[in-house]
2 protein chains.
Amino acid sequence: MTTGTPPPRRPTLADVARKSGVSVALASIVMRGAEGASASSRAKVKAAAAELGYRPDSRARALRSLRSGLLGVSLSLAEPFHADLVDEIYAAAELRGFDVVLSATGPRRSETRSLEALTDAGCEAVIAIAPAGGAAALAAMDARLPVVSLLRAVPSVESVCTDDAAGIRQAVDHLVGLGHRHIAHVDGGTAVASAERRDAYLGAMAAHDLGRHATVLPGGPDEKAGTAAAALLPGARRPTALVVFNDRCALGVLDALERGGVPVPGSMSMVGFDDSQFARLAHIGLSSVRQDVEALASSAVERAAARLTGEPAGLREHAPSLVLRNSTAAPPAT
Amino acid sequence: MTTGTPPPRRPTLADVARKSGVSVALASIVMRGAEGASASSRAKVKAAAAELGYRPDSRARALRSLRSGLLGVSLSLAEPFHADLVDEIYAAAELRGFDVVLSATGPRRSETRSLEALTDAGCEAVIAIAPAGGAAALAAMDARLPVVSLLRAVPSVESVCTDDAAGIRQAVDHLVGLGHRHIAHVDGGTAVASAERRDAYLGAMAAHDLGRHATVLPGGPDEKAGTAAAALLPGARRPTALVVFNDRCALGVLDALERGGVPVPGSMSMVGFDDSQFARLAHIGLSSVRQDVEALASSAVERAAARLTGEPAGLREHAPSLVLRNSTAAPPAT
DNA sequence: GACCAAACCTAGAACGTTATAGAAGCGAGG
DNA sequence: CCTCGCTTCTATAACGTTCTAGGTTTGGTC
């Protein structure tokens with residue numbers, strides 16, 4: 001029984017070659033723009049390809065030429081800041097001839113799974129944004145294919161980070177310059193980079209000889225944690241300024257303060273971290289430590305490419321800068 | 001000149017087979033869990049695979065067995081709501097044995113490019129979240145491989161949407177029930193679904209015989225647009241309630257109002273759309289029209305799967321529900 | 001011990017592409 | 001006329017996997 005329409009197969013190079021009356025090999029040459037084809041056959045093949053709607057099968061291509069040209073990126077969709085990075089990674093990767101494959105981490109999807117999907121997809125190298133997993137697991141993976149950890153310094157794995165300590169120092173310096181003495185820190189809890197930023201805060205306070213006023217409030221990476229941290233602020237003897245782990249957390253704090261009738265920056269100054277899209281828009285413009293997204297992204301891509309040619313691993317730190325908006329001011333007169 | 005370490009090749013099925021002393025074919029059977037292998041060889045092969053750290057090459061697999069098992073998803077990283085959807089899509093796809101490939105749209109990356117990357121990756125079907133491109137382009141693509149449009153009804157392409165009109169009606173009904181008469185709408189400008197929601201608003205107002213009070217303020221899909229729209233609110237004869245295109249825009253409006261000293265919901269009630277993570281956290285809890293994320297995601301995956309088996313295209317609409325928080329109240333007494 | 005079926009295993013051909021090696025065409029130089 | 005070199009083209013062998021079709025054991029029955 002011969003049935004009607006056969007399932008519409010996606011056109012292959014063989015189809016293009018047949019239609020234009022040349023060999024598959026020649027069609028391949030034309031399609032990938034290699035040299036060794038006459039102008040006339042180029043035209044013929046291109047026309048046939050266009051007519052058939054031919055698109056090369058990247059899997060087959062990758063299978064044959066051991067370079068797949070694929071760069072994997074693992075990110076958390078819940079983090080707007082990762083989104084900013086990815087956009088720049090796309091741009092940087094394109095410049096170097098890489099295609100980018102994304103794999104998300106989320107409540108339903110573990111980091112391990114996300115990274116596995118990337119290796120399975122045939123990526124030549126992987127950029128893991130703020131990987132939470134153990135260093136051992138990442139190092140093990142790195143033995144298979146180059147891994148670059150972005151936003152987190154992982155020992156023995158190529159890492160590209162912001163110099164968090166410098167950023168925190170800038171924030172503290174700025175606040176001290178405004179006249180603040182009682183500056184507290186809302187930390188990131190168990191989040192990636194939380195410990196580094198906390199230590200930098202303590203160090204910066206000590207450097208200003210304000211160690212006795214240093215206070216660390218337990219926080220976390222998101223708005224909810226910020227709101228919770230705000231509830232811990234003592235009513236009397238409240239600090240006059242806050243350096244917060246990141247913008248999302250700062251937003252939570254800000255919200256709670258405003259609802260509690262504490263004006264920012266009138267009664268409380270605040271500095272966030274990341275300079276997310278967010279900080280720029282919502283509420284009061286939040287002063288924030290800006291990570292150099294473009295440099296981070298292109299550096300990560302560059303490091304991944306370098307590893308493919310066998311260069312050694314190392315840590316690249318990028319200098320952050322403090323972006324001032326309307327959330328800091330001199331402390332209220334006592 | 002013989003140099004030191006050869007470039008560490010990723011282990012292949014042949015390596016596993018050699019190491020465990022069986023044929024490649026048998027190793028394949030074991031690795032994919034097919035039947036026809038004895039328990040003892042299963043153990044041998046699995047052990048060898050584990051020791052080598054073997055992971056099957058999905059490209060080669062896809063190339064051979066015409067099912068690649070790949071489901072492409074195109075999304076905008078700037079939209080937190082898309083992130084929610086993707087997480088559910090991962091879950092739904094896994095249930096049906098699909099792997100998910102993500103491709104983002106962004107300031108540096110057009111939708112066309114994002115979709116092309118997906119077809120090149122060898123996806124069997126594609127889910128485009130809120131595709132902005134022309135219906136013709138999508139339909140053309142659909143001729144090559146099944147396309148499902150999620151969050152936007154596109155003629156002649158399989159579409160899975162929320163019944164936006166019903167959602168807007170619920171919002172208006174609720175506000176009218178609270179006693180509001182002067183209810184305005186901040187629309188989504190040129191954003192996807194903006195026109196549908198605007199029309200639904202006008203229809204709902206008319207249904208309550210409030211057509212004469214209907215006002216549409218030009219807005220947009222993000223916070224900035226909301227802030228701008230708030231500036232257009234007349235000082236006197238201000239509406240007492242707002243139905244806003246989406247939560248992000250609503251947030252912008254909310255912020256502007258609070259800064260302008262207009263308490264919400266005291267002097268102004270507000271309803272958003274999407275029930276994003278956002279609405280639940282920041283500021284005042286925003287009342288919002290909840291889209292059924294899980295149903296949307298699983299329905300989109302299901303439709304994609306159905307198309308692969310040759311079922312016809314159609315439109316699936318999912319009922320939204322109104323989530324009440326603290327941004328609506330009775331209008332202030334005159 | 002011969003026969004049979006079931007269970008287990010393997011050789012080898014695909015899948016769509018690229019790379020290598022060499023064949024044809026052709027004009028110039030001896 | 002033969003050879004040389006150049007350009008243009010093609011046959012064919014990979015890449016790592018799955019699948020088909022057939023081959024070899026195994027062990028139970030007569």
Side-chain angles (χ1 to χ4, degrees), chain A residues 7 9-46 48-49 52-70 97 99 119-124 144-145, chain B residues 7 9-46 48-49 52-70 97 99 119-124 144-145:
Chain A
R9 230 171 20 85
R10 141 178 197 162
T12 88
L13 203 46
D15 297 327
V16 174
R18 197 171 322 114
K19 181 161 190 117
S20 46
V22 301
S23 73
V24 175
L26 183 54
S28 169
I29 288 175
V30 171
M31 287 321 290
R32 75 193 122 102
E35 58 181 13
S38 69
S40 74
S41 9
R42 255 178 225 290
K44 261 191 311 189
V45 171
K46 287 227 175 101
L52 289 173
Y54 168 78
R55 301 227 87 215
D57 184 324
S58 67
R59 296 161 301 168
R61 178 190 299 230
L63 187 55
R64 170 61 230 220
S65 53
L66 286 192
R67 268 197 40 64
S68 75
L70 250 39
D99 279 337
T119 68
D120 292 356
C123 295
E124 287 183 71
R144 299 260 155 61
L145 85 175
Chain B
R9 228 171 24 84
R10 143 180 194 160
T12 89
L13 202 46
D15 297 326
V16 174
R18 196 172 321 114
K19 180 161 191 117
S20 46
V22 302
S23 73
V24 175
L26 183 54
S28 168
I29 287 176
V30 172
M31 288 320 291
R32 76 193 122 99
E35 59 181 12
S38 68
S40 74
S41 12
R42 254 175 226 291
K44 261 190 311 189
V45 171
K46 287 228 176 101
L52 290 173
Y54 168 79
R55 301 226 85 215
D57 184 325
S58 67
R59 298 161 300 168
R61 182 193 297 237
L63 187 55
R64 169 62 231 213
S65 52
L66 286 191
R67 268 196 39 65
S68 75
L70 249 40
D99 279 336
T119 67
D120 292 356
C123 296
E124 285 183 75
R144 300 257 156 61
L145 85 176

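What's counted below: heavy atoms across the whole structure, side chains too, no hydrogens, waters or symmetry copies. This one's a predicted model, so the numbers in the text were calculated from it and none came from an experiment. Letters A, B, ... mirror the listed sequences (proteins, then strands); counts begin at 1.
D15(B) is listed as a side-chain neighbour of R18(B), based on a closest heavy-atom distance under 4.5 Å. Under the 4.5 Å side-chain criterion, counting only non-hydrogen atoms from C-beta, T12(A) is not in contact with D57(A). Between D99(B) and S58(B) there is no side-chain heavy-atom pair separated by less than 4.5 Å. Within the 4.5 Å cutoff, side-chain heavy atoms of L13(A) are placed close to those of M31(A). Using a 4.5 Å heavy-atom threshold, the side chains of K44(A) and V22(A) count as touching.
Partners of S68(A) according to the side chain to side chain contact (heavy atoms under 4.5 Å, CB included) rule, which considers only residues two or more places apart in sequence or in another chain, are A62(A), L70(A), E124(A), R59(B).
Taking atom CD of E35(A) as the reference point, atom P of dC9(D) lies 13 Å away to the nearest angstrom. Atom CG in L70(A) sits roughly 20 Å away from atom P in dC15(D) (whole-Å rounding).
From one end of the helix from dG1(C)-dC30(D) to dG30(C)-dC1(D) to the other, with five pairs defining each end axis, the axis direction shifts by 80° (rounded to 10°).
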Practice problem: Encode nucleotides 5-17 of chain C as B, S and - characters from 5' to 3', where the letter depends on protein heavy atoms closer than 4.0 Å: B to the base, S only to sugar-phosphate, - to neither. | Solution: ---SBBB-BBBBB
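No side-chain donor from either of S65(B) and R61(B) sits under 3.5 Å from a side-chain acceptor of the other.
Here the OG-CD1 distance, from S38(A) to I29(A), works out to 10.5 Å after rounding to the nearest 0.5 Å.
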